[in-house]
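Sequence lines set the chain letters: A, B, ... in the order given, protein chains first and strands last, and positions in each chain run from 1.
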Amino acid sequence: MATLDHTFYQQHDTLTLAQLLLGCELVHENAEGTTAGIIVETEGYLTDDPACHAYRRQTTRNAAMFGLAGTLYVYQIYNHYNCINVVTRPEGVGEAVLIRALEPTEGLELMGLRRNEAFKTGFERYRNNTIDATTADGQRNLANGPGKLTIAMGINRAHDNFSSLITGPIYIRGPVLHDFDMVTTTRIGLTLGADLPYRYYINGNRFVSKK
DNA sequence: ATTAAGATGGCCT
DNA sequence: GGCCATCTTAATT
């Protein structure tokens, strides 16, 4: 399936893109190997939306959100976990789609190694936790949340903020899942804009972070 | 089943 | 000084 290009990212408004990205495949190729997963859960963040990091003005933290459509915005949540967003609108606007969960498709073993390494180093706090990527339950737990998926995919803010999804090495391939029902709900973990229905996920998919 | 609580620490006002 | 776009375990219905 073709890599999504700048035209695609620029062509649609943010909430439409949040829906169109469901079923597409996020890929990261680096020296460790290739990991990939189907996007099963997203949230839109708009420039006139009080929960959006770009709501007030551009700062060093949110600068990537004001970049070209197709830029990756990586931020730290609770200054610990990383979360990744796809910048959507033209330069200077400040809108993005948060990728909240993946159904792993490639490099599951490497994803498991990364998660287990994070437990070992204490980046993930519960040091005696381990993930067995050969079991169904282990696979479900690899990337079923925004903080977990960045670890599994080997993405962090220092290296990958401002990265271009158009040129890689992190990129998104066009839809690999087509026939599914989409659920629209309110977003997770915020108080501002909590009533806005900007969260989308694939109905019945067991890799979605929360029902 | 739902709720609470704690680790974590930079960024913005 | 306050606010978090999280995740897990423990406690409570």
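- To the nearest angstrom, C1' of dT6(C) lies 17 Å from CD1 of Ile99(A).
- Spacing between atom CG of Asn79(A) and atom C1' of dC3(C) amounts to 11 Å, rounded to whole angstrom units.
- Residues Phe119(A) and Thr130(A) form no side-chain contact, since every pair of their non-hydrogen atoms from C-beta on lies 4.5 Å or further apart.
- Listed candidates were dC4(C), dT6(C), dT13(B). Nearest to the side chain of Ile188(A) is dT6(C).
- By the 4.5 Å heavy-atom criterion applied to side chains, Asn62(A) and Tyr73(A) are counted as neighbours.
- Note: His80(A) and Phe123(A) have parallel aromatic rings, judged against thresholds of 30 and 60 degrees for the angle between ring planes.
- At whole-Å resolution of the value, OH in Tyr75(A) and C1' in dT8(B) are 15 Å apart.
- Among residue pairs with one or both ends in residues 83-108 of chain A, none qualify as ring-ring contact (aromatic ring centres under 6.0 Å, His included); sequence neighbours excluded.
- The side chain of His53(A) places an N or O atom within less than 4.0 Å of a non-bridging phosphate oxygen (OP1 or OP2) of dA5(C).
- Distance alone, capped at 3.5 Å, is enough to place a donor-acceptor pair between the Arg114(A) side chain and the Ala152(A) backbone.
- Heavy atoms of Thr191(A) sit under 4.0 angstrom from primed sugar atoms or phosphate atoms, though from no base atom.
- In this model, no donor atom of one side chain and acceptor atom of the other lie less than 3.5 Å apart for Glu124(A) and Asn129(A).
- Atom P of nucleotide dA5(C) and atom OH of Tyr201(A) are separated by 21 Å, given to the nearest angstrom.
- In this structure, the side chain of Glu32(A) does not engage the main chain of Leu110(A) through any donor-acceptor pair within 3.5 Å.
- Taking every side-chain heavy atom of Thr59(A) into account, dC12(B) is the closest of dT13(B), dC12(B), dA5(C).
- For the P atom pair drawn from dT8(C) and dG10(B), the interatomic distance equals 22 Å after rounding to whole Å.
- Asn62(A) places its CG atom 14 Å from the C1' atom of dG10(B), with the value rounded to the nearest Å.
- Minimum atom distance to the side chain of Ile77(A) is reached by dC4(C), of the listed dG10(B), dC12(B), dC4(C).
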So which protein nitrogen or oxygen atoms get under 3.5 Å of nucleotides 8-11 of chain C's nitrogens or oxygens?
residue	atom	partner	partner atom	Å
dT8(C)	OP2	Lys148(A)	NZ	3.1
dT8(C)	O2	Tyr126(A)	OH	3.2
dT9(C)	OP1	Asn129(A)	OD1	3.1
dT9(C)	OP1	Asn129(A)	ND2	3.4

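- Between Arg157(A) atom CZ and dG10(B) atom C1' the separation is 8 Å, expressed in whole Å.
- Side chains of Thr71(A) and Phe66(A) form no contact here, defined as non-hydrogen atoms less than 4.5 Å apart.
- Rounding to whole angstrom units, CG of residue Asn161(A) and P of dG10(B) are separated by 16 Å.
- Between Thr60(A) and dC11(B) there is no side-chain N or O to OP1 or OP2 distance below 4.0 Å.
- Rounded to whole Å, atom C1' of dA5(C) lies 16 Å from atom CZ of Arg56(A).
- Remark: the Tyr78(A) side chain and the dA7(B) base include no donor-acceptor N/O pair separated by less than 3.5 Å.
- The closest side-chain donor-acceptor pair between Thr16(A) and Asp13(A) falls under 3.5 angstrom.
- Between Arg61(A) and the phosphate of dG9(B), there is no side-chain N or O to OP1/OP2 separation shorter than 4.0 Å.
- Using a 4.5 Å heavy-atom threshold, the side chains of Leu17(A) and Thr42(A) count as separate.
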Intra- and inter-strand pairs of DNA chain B in dot-bracket (Watson-Crick or G-U wobble, both distances under 3.5 Å; | for another strand): |||||||.||||.

